[in-house]
Enquirer: 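Take a look at the following structure, please.
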Amino acid sequence: MLVVTKFGGSSLSCATQFEKVKKIVMSDPKRKIVVVSALGKRDSSDTKITDLLYILHAHLKYSVPYQDIWNMIYDRFVGVQKELNISYDIKVDLDLLYKELNKNISQDYLVSRGEYLTAKLMSSYLGYQFVDAKDLLCFNYDGLMDEATTTKNVKLAFSTYGTIVVPGFYGSYPNGSVKLLSRGGSDVTGSILSKCLNVTLYENWTDVSGILAADPRIIPSPRAIKEITYAELRELSYMGASVLHEETVFPVQQLNIPINLKNTNDPDHPGTLIKNVCTDESSIVTGIAGKKDFLSFNISKDHMSNEVGFLRRALSVF
Ligand code: ASP
């Protein structure tokens, strides 16, 4: 029994959140593979490390003074390390990165340092081995993943170290340079690792207790969905419910590995279980989502099935 445990940025925003993560990981020996996003927002007025890194890159590119932004990034990482007395000396890596800052630094590389440094902190804090995602997730130059090499790398890293922390959100091209996934891509990293190791469960920890059955901005206090199928989730996401990165489901669905969405701030809440077939019969409607500003037309015509080209002609009106 093996579990991949992925923590989003809000679960890693400060020392207190790191403590919660450690408690969660240590409370179940099956949680041997940990994937992390970069330090997220501490409150609604705060800025994610990933966003700061994008801003830093823009400052560098357009030769705008960047010291203030850099200091914010530096202070956040060092703050967590100091507060938790983590033995990994993050200042060394931050100083190295500072020396690398220049007008032409790759955006993918610079932004990926958010996850990289967060994973290094977390691995030292948990006593798990840090494994760089660039040595695991391999992509071709057309952006497609080389599944065979990735699977081989992941299996080897896991069998070598037993307990690992992997930064989410990036992998590498054949020449070793960093390839960033799209925003929110750490969810996908967790899913890929789950597939490579054919784990029993993929846990995805955020700051909400699973998927709500409706948008709380429209429906006051909707209930949380206990179980949902991969197909239903896709439907809800397509209609605007933002839950997981849309690519997350595919790797695990192939092997029927369930995804459990859980809340780092309320770990005893069962959250939402996403799987192929649901057994929970307690609700007829799983969830409701919608998009605004759509128009629908209903057109009817007798004897339509006898006419060739009717649909083309009707659609050409639009
Ligand atoms: N940190 C990245 C982002 O903010 C990736 C992730 O969190 O999954 O998009």
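We count ligands from 1, going down the list as the structure has it; atoms in each ligand are counted the same way.
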Enquirer: Cation-pi between Lys22 and Tyr125: NZ/CZ under 6.0 Å from ring centre and within 45° of the ring axis?
Expert: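 Ring-cation test returns yes.
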Enquirer: So is Asp187 polar-close to ligand 1, meaning N/O to N/O under 3.5 Å?
Expert: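 So ligand 1 has no N or O lying under 3.5 Å from an N or O of Asp187.
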Enquirer: Hey, is ligand 1 close enough to Lys6 that some N/O pair sits below 3.5 Å?
Expert: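 No: no nitrogen or oxygen of Lys6 is under 3.5 Å from one in ligand 1.
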Enquirer: Considering heavy atoms of the protein only, find what lies nearest to atom 6 (C) of ligand 1 and give residue, atom and distance to 0.1 Å.
Expert: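 It is Ser186 OG, 3.3 Å.
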Enquirer: Looking at Lys6 and Asp187, does any basic side-chain N land under 4.0 Å from a carboxylate oxygen?
Expert: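 Between Asp187 and Lys6 there is a salt bridge, with a charged N closer than 4.0 Å to a carboxylate O.
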Enquirer: Would you say Gly168 touches ligand 1, if touching means a heavy atom closer than 4.0 Å?
Expert: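 Outside the 4.0 Å threshold, so no.
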Enquirer: Please tell me whether Gln17 and Thr264 have a donor and an acceptor in their side chains that are separated by less than 3.5 angstrom.
Expert: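 No donor-acceptor contact under 3.5 Å links the two side chains.
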Enquirer: Check this for me, if you would: do Arg183 and Asp51 make a salt bridge, where the nitrogen-to-carboxylate-oxygen distance has to be below 4.0 angstrom?
Expert: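 A salt bridge links Arg183 with Asp51.
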Enquirer: Among Lys99, Arg113, Lys120, find the one that has a salt bridge (charged side-chain N to carboxylate O under 4.0 Å, His left out) with Asp93.
Expert: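 Of the listed options, the one satisfying the test is Lys120.
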Enquirer: Atoms of ligand 1 less than 4.0 Å from Ser37 heavy atoms?
Expert: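 Ligand 1 atoms under the 4.0 Å threshold to Ser37: 6 (C), 7 (O), 8 (O).
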Enquirer: Can Asp46 and Arg76 be counted as an ion pair, charged N to O under 4.0 angstrom?
Expert: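 Yes, charged N to carboxylate O under 4.0 Å.
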Enquirer: Based purely on interatomic distance, does Gly184 place a nitrogen or oxygen under 3.5 Å from a nitrogen or oxygen of ligand 1?
Expert: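 Between Gly184 and ligand 1, an N or O pair is found under 3.5 Å apart.
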Enquirer: Can you figure out which of Arg183, His245, Glu115 has its heavy atom closest to atom 5 (C) of ligand 1?
Expert: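 Considering heavy atoms of Arg183, His245, Glu115, the nearest to atom 5 (C) of ligand 1 sits in Glu115.
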Enquirer: Numbering the atoms of ligand 1 from 1, which are under 4.0 Å from a heavy atom of Lys48?
Expert: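 Ligand 1 atoms under the 4.0 Å threshold to Lys48: 3 (C), 4 (O).
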